[in-house]
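Here the structure is laid out as structure tokens; the discussion comes afterwards.
In what follows, chains carry the letters A, B, and so on, assigned in the order in which the sequence lines appear, proteins first and then strands, with residues in each chain numbered from 1.
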Protein chains: 2
Amino acid sequence: MTTSPVDVPTTDSPARARILDVAASLFLEQGYEAASLRRIADEVGIQAASIYHHFTSKEDLLEAILRRGMAVMDEAFTAAEATTTGAGESQADRRSRLAAHVRAHLAALYENGPFTAAHVTTFRTAPAVVRDAIVPVRDAYEARWTDLLNDLTAADVPTGPARLMLLGGMNASVEWFDPTRGSLDDLAEVVTRQFWSGLTGHPDPTP
Amino acid sequence: MTTSPVDVPTTDSPARARILDVAASLFLEQGYEAASLRRIADEVGIQAASIYHHFTSKEDLLEAILRRGMAVMDEAFTAAEATTTGAGESQADRRSRLAAHVRAHLAALYENGPFTAAHVTTFRTAPAVVRDAIVPVRDAYEARWTDLLNDLTAADVPTGPARLMLLGGMNASVEWFDPTRGSLDDLAEVVTRQFWSGLTGHPDPTP
DNA sequence: TTTCTTGTCTAACGAACGTTAGGTAGGGTG
DNA sequence: CACCCTACCTAACGTTCGTTAGACAAGAAA
């Protein structure tokens with residue numbers, strides 16, 4: 001067990017890990033094209049050419065970052081499931097399960113380095129080769145949310161658009177939420193409250 | 001009156017307008033850095049150097065597009081206000097006002113060329129000079145939403161995070177919503193329903 | 001001690017980039 | 001007619017890009 005909120009297997013060499021870290025935060029800040037290998041290398045303290053000892057291309061580097069971002073989200077989801085095993089069928093229990101997963105997704109976004117946030121902001125304009133490679137992983141994560149929401153709501157409630165709005169809204173928070181200034185728990189609570197009643201069509205139990 | 005849903009003053013010459021159109025859709029597709037002036041010029045059918053007859057730099061071109069995107073949103077908001085003048089204080093009336101503005105924002109996103117969508121996706125990684133120039137315009141638009149939501153809800157309801165989730169969720173829809181396949185009205189209704197009860201804390205009146 | 005591996009370096013390649021200078025065709029205006 | 005302005009062009013500039021080739025130092029393995 002490490003001290004990090006979500007356990008990501010880090011078989012990377014220190015150098016490789018450092019490149020990943022720096023690249024992810026630069027991709028997040030400036031976008032994939034604008035962040036050049038020379039700038040990344042500069043910040044790591046090596047030469048641009050040395051990056052090629054760890055990655056076969058810039059696209060390969062991006063793909064590794066996107067995968068890592070998805071891995072963080074996926075493990076956060078799994079961890080949230082673990083904390084809510086044994087939850088019952090009451091509305092309050094259902095709401096808690098949603099809250100746990102919302103909190104987990106937001107934590108993945110803000111508490112595990114720039115990987116998840118970089119994924120969210122970079123995926124859209126990533127080179128087609130990279131995007132195509134990542135799509136299945138993304139779909140799998142979305143499917144877990146689909147199952148969760150279907151499980152939480154009545155059978156006749158269409159959860160599709162609600163899921164997209166929920167994930168879209170949470171991901172969009174990277175553009176304005178500053179985890180060093182605001183509380184992640186507060187944000188998670190706001191998001192949960194906002195979506196719980198809209199999802200179920202019933203008033204939120206916690207005012 | 002033109003046939004376009006929102007009237008944007010188009011004092012542009014045809015050539016300039018065409019450059020703006022093409023550039024906006026390429027910026028939207030690939031991002032600001034990845035969309036080169038040569039590719040833009042190619043698609044317009046001119047040489048890259050000819051763009052400099054209409055814009056002083058690539059950044060200038062981006063700024064024009066971002067401004068146009070904001071103008072489209074702003075006029076959509078104004079138009080929505082016009083259609084709801086005389087709305088009363090009943091919950092149903094309030095909900096209609098929210099619905100009208102949601103619909104207007106989404107229409108701006110999808111029915112007026114790529115300008116608004118390009119703004120949403122490009123702003124974050126735009127060069128600092130451009131971003132700084134646009135920020136005041138953006139803030140003004142957000143302020144209109146703040147006023148609206150404050151007007152729609154009880155005095156003690158904090159609308160800040162809800163507004164950010166609402167706009168963030170709507171804007172994020174550009175990543176998955178295809179206006180040629182789905183109905184904009186349906187999307188607007190889903191968004192409105194999703195947020196209305198969360199905002200007011202009361203069940204949604206339309207099941 | 002020799003050998004191999006790992007991680008970095010310097011140097012350079014060709015391609016693409018934003019941008020500038022200067023020229024040209026054509027329509028409107030004196 | 002001469003003039004000029006608009007909208008484009010060709011050609012080129014210096015810079016930066018991703019990427020490759022090849023050398024070198026340090027440590028582990030033999």
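- Nearest nucleotide to the B/Tyr52 side chain, out of C/dA12, C/dC17, C/dT20: C/dT20.
- Comment: A/Glu43 does not engage A/Arg18 in a salt bridge, judged by the lack of any side-chain N to carboxylate O separation of less than 4.0 angstrom.
- Of the candidate nucleotides D/dC9, C/dT8, D/dC8, C/dT8 has the atom lying nearest to any side-chain atom of A/Ile46.
- Neither OP1 nor OP2 of C/dG7 sits under 4.0 Å from any side-chain N or O of A/Ser50.
- The distance from atom CD of A/Gln47 to atom P of C/dA12 is 14 Å, rounded to the nearest whole Å.
- Picking from C/dC9, C/dG7, D/dT19 the nucleotide with the shortest atom distance to the side chain of A/Ala48 gives D/dT19.
- Between C/dT8, D/dT19, C/dG18, one nucleotide has an atom nearer to the side chain of B/Arg38 than all others, and that is C/dG18.
- Using a 4.0 Å cut-off between a side-chain N of Lys or Arg and a carboxylate O of Asp or Glu, A/Glu111 and A/Arg103 qualify as a salt bridge.
- Nearest to the side chain of A/Ser36, among C/dT10, D/dC17, C/dT19, sits D/dC17.
- The side chain of A/Ala49 lies closest to D/dT20, out of D/dC8, D/dT20, D/dT19.
- Residue B/Ser13 has its side chain nearest to D/dA7 when only C/dG7, D/dC17, D/dA7 are considered.
- Checking side-chain atoms of A/Arg16 against main-chain N and O of A/His54 turns up a donor-acceptor pair under 3.5 Å.
- Ion pairing between A/Arg68 and A/Glu75 fails under the 4.0 Å rule for side-chain N and carboxylate O.
- Between the P atom of C/dC17 and the CG atom of B/Leu37 lies a distance of 9 Å, rounded to the nearest Å.
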